[in-house]
Amino acid sequence: MGGVVPRSASALPLLLLLLLQAERPRGAELTFELPDNAKQCFHEEVEQGVKFSLDYQVITGGHYDVDCFVKDPLGNTIYSETKKQYDSFTHKAEVKGVYQFCFSNEFSTFSHKTVYFDFQVGDEPPILPDMGNRVTALTQMESACVTIHEALKTVIDSQKHYRLREAQDRARAEDLNSRVSYWSIGETIALFVVSFSQVLLLKSFFTEKRPIGRTVHS
Amino acid sequence: MAAERSLWVVGLCPGSGLGRVVRVLLLLLWFAARGGALYFHIGETEKKCFIEEIPDETMVIGNYRTQLYDKQREEYQPATPGLGMFVEVKDPEDKVILARQYGSEGRFTFTSHTPGEHQICLHSNSTKFSLFAGGMLRVHLDIQVGEHANDYAEIAAKDKLSELQLRVRQLVEQVEQIQKEQNYQRWREERFRQTSESTNQRVLWWSILQTLILVAIGVWQMRHLKSFFEAKKLV
């Protein structure tokens, strides 16, 4: 937002920027909490002929499973799975409009889940607007940059995959740790209660009734 | 971001007719460009939370736009200016690092200082229950993390980079993101190992303690009962 006010002629590259922003492909990656007996839906507008993909994974909660379904703008269910831990779904949009994908935890009564999803529409946009409209071929340096960029994207994706897996395992380990604590305290209390009540009960057998031994003596 | 800035900049030269035409065109395109982004529905008092697990010193930029259901027209219209969203961001230690109210359209930014799960919560600030008229609020949301949050057009303009230099800069940013993630991975693995070792210790000590308690209770029971029966002259 510099101090120099440009002339209206320089608004043309800005116009170009906006034009490309208008058709910029969208993508979203979110992790959200899904309470028990709840359903959460997301919608996104997709153009005809554009390929979109949905990856999702349950990170914490219950048996680490969730129901998922995807509907096209006409209301047809194009994907539906129940009690899945993770899955990936790709589809080429035949109809232009708002696509809906929902995650349901309605089968669970008391465990709320944390679900991660990655919804990508179309291809990755170029970082500068005029990179997308090249007339000449890429130079060697530029193609090397493109190769490295794609390879790094693979690395980042795999790091993300490991992070999610690790989050899931860590959640389970911490859950196990706290369960061991509660269970050991609970069992100590139960042990003491049971042993004292055993003794008291035995004593009560011999104090309320006549001592059995007396009838044995001749 | 760039759209808002370019609009503001063009608005400063109102003189020429071309400027005015361009401005109108830009305005139209601006509205067209804002048509995208994922959206979901939120109730009036409902709070929606999103979790971002990020390394430290990572920038997160969130953009949202709200629409209210208009019953007369039976479609979603841009929300009234009075309606805002309250955005609250908590760090992994549950300390609030951002708690601000924005309008019906807003953009929030924060940088993480501790690695871990940050929680971004949104809820509407509507106090008048009749405002929603039984409908839902539609929220368009877009959250960009780390390298994706960089505005390369701005970086190119500020540092005066050529296209190739900008590509290399993007690679550098990506590699830095990978390094941060790896450091975070190491930190997480250590925490995981500590938790596992703590569980292992607890199980070990509890088993020993349980055996000792059992033996002690058994001995106490027998001695107590023996003295009881001796008192009752049954033994």
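Heavy atoms only: backbone and side chains are in, while hydrogens, waters and symmetry mates are out. Proteins come first, then strands; the chains are lettered A, B, ... in the order of their sequence lines, and each starts at number 1.
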Specify the closest pair of heavy atoms between [X] and [Y], including all atoms of both residues, with the distance to one decimal.
X         : Y         : value
Cys41(A)  : Phe40(B)  : O-CB, 3.4 Å
Cys145(A) : Leu171(B) : O-CD2, 3.8 Å
Gln159(A) : Ile178(B) : NE2-O, 3.2 Å

Could you tell me whether the side chain of [Y] reaches within less than 4.5 Å of the side chain of [X], counting heavy atoms only?
X         : Y         : result
Arg167(B) : Met141(A) : no
Trp206(B) : Thr188(A) : yes
Phe196(A) : Trp220(B) : yes
Leu30(A)  : Leu38(B)  : yes

With His112(A), which residues qualify under ring pair (Phe, Tyr, Trp, His ring centres under 6.0 Å), at least two apart? none

Quick one: do the Lys48(B) and Gln40(A) side chains pair a donor with an acceptor below 3.5 Å? yes

Sort Phe228(B) into side chain, backbone, both or neither according to what part of it lies under 4.5 angstrom from a heavy atom of chain A. side chain

Relative to chain A, which segment of Glu181(B) carries a heavy atom at a distance below 4.5 Å: side chain, backbone, both, or neither? both

Would you call the rings of His43(A) and Tyr39(B) parallel, tilted or perpendicular, where under 30° means parallel and over 60° means perpendicular? parallel

Could Glu53(B) and Arg170(A) be called an ion pair, given the rule that one side-chain N must be under 4.0 Å from one carboxylate O? yes

Heavy-atom pairs under 4.5 Å with chain A are the metric here; pick the option from Val203(B), Ile213(B), Leu166(B), Leu214(B) that has the most. Leu166(B)

Among His148(B), Glu52(B), Gln221(B), the residue with the most heavy-atom pairs under 4.5 Å to chain A is Gln221(B)

The criterion is side chain to side chain donor-acceptor pair (under 3.5 Å); which residues satisfy it with Ser88(A), sequence neighbours excluded? Asp55(A)

Do any of residues 183-190 of chain B have a heavy atom less than 4.5 Å from a heavy atom of chain A, and if so, which, in residue order? Tyr184(B), Arg188(B), Glu189(B)

Answer with side chain, backbone, both or neither: which region of Thr114(A) has an atom nearer than 4.5 Å to a non-hydrogen atom of chain B? side chain

List in chain and number order the residues that pass side-chain contact (heavy atoms from CB on, under 4.5 Å) with Leu201(A), two or more places apart in sequence or in another chain; answer none if no residue qualifies. Ser204(A), Phe205(A)

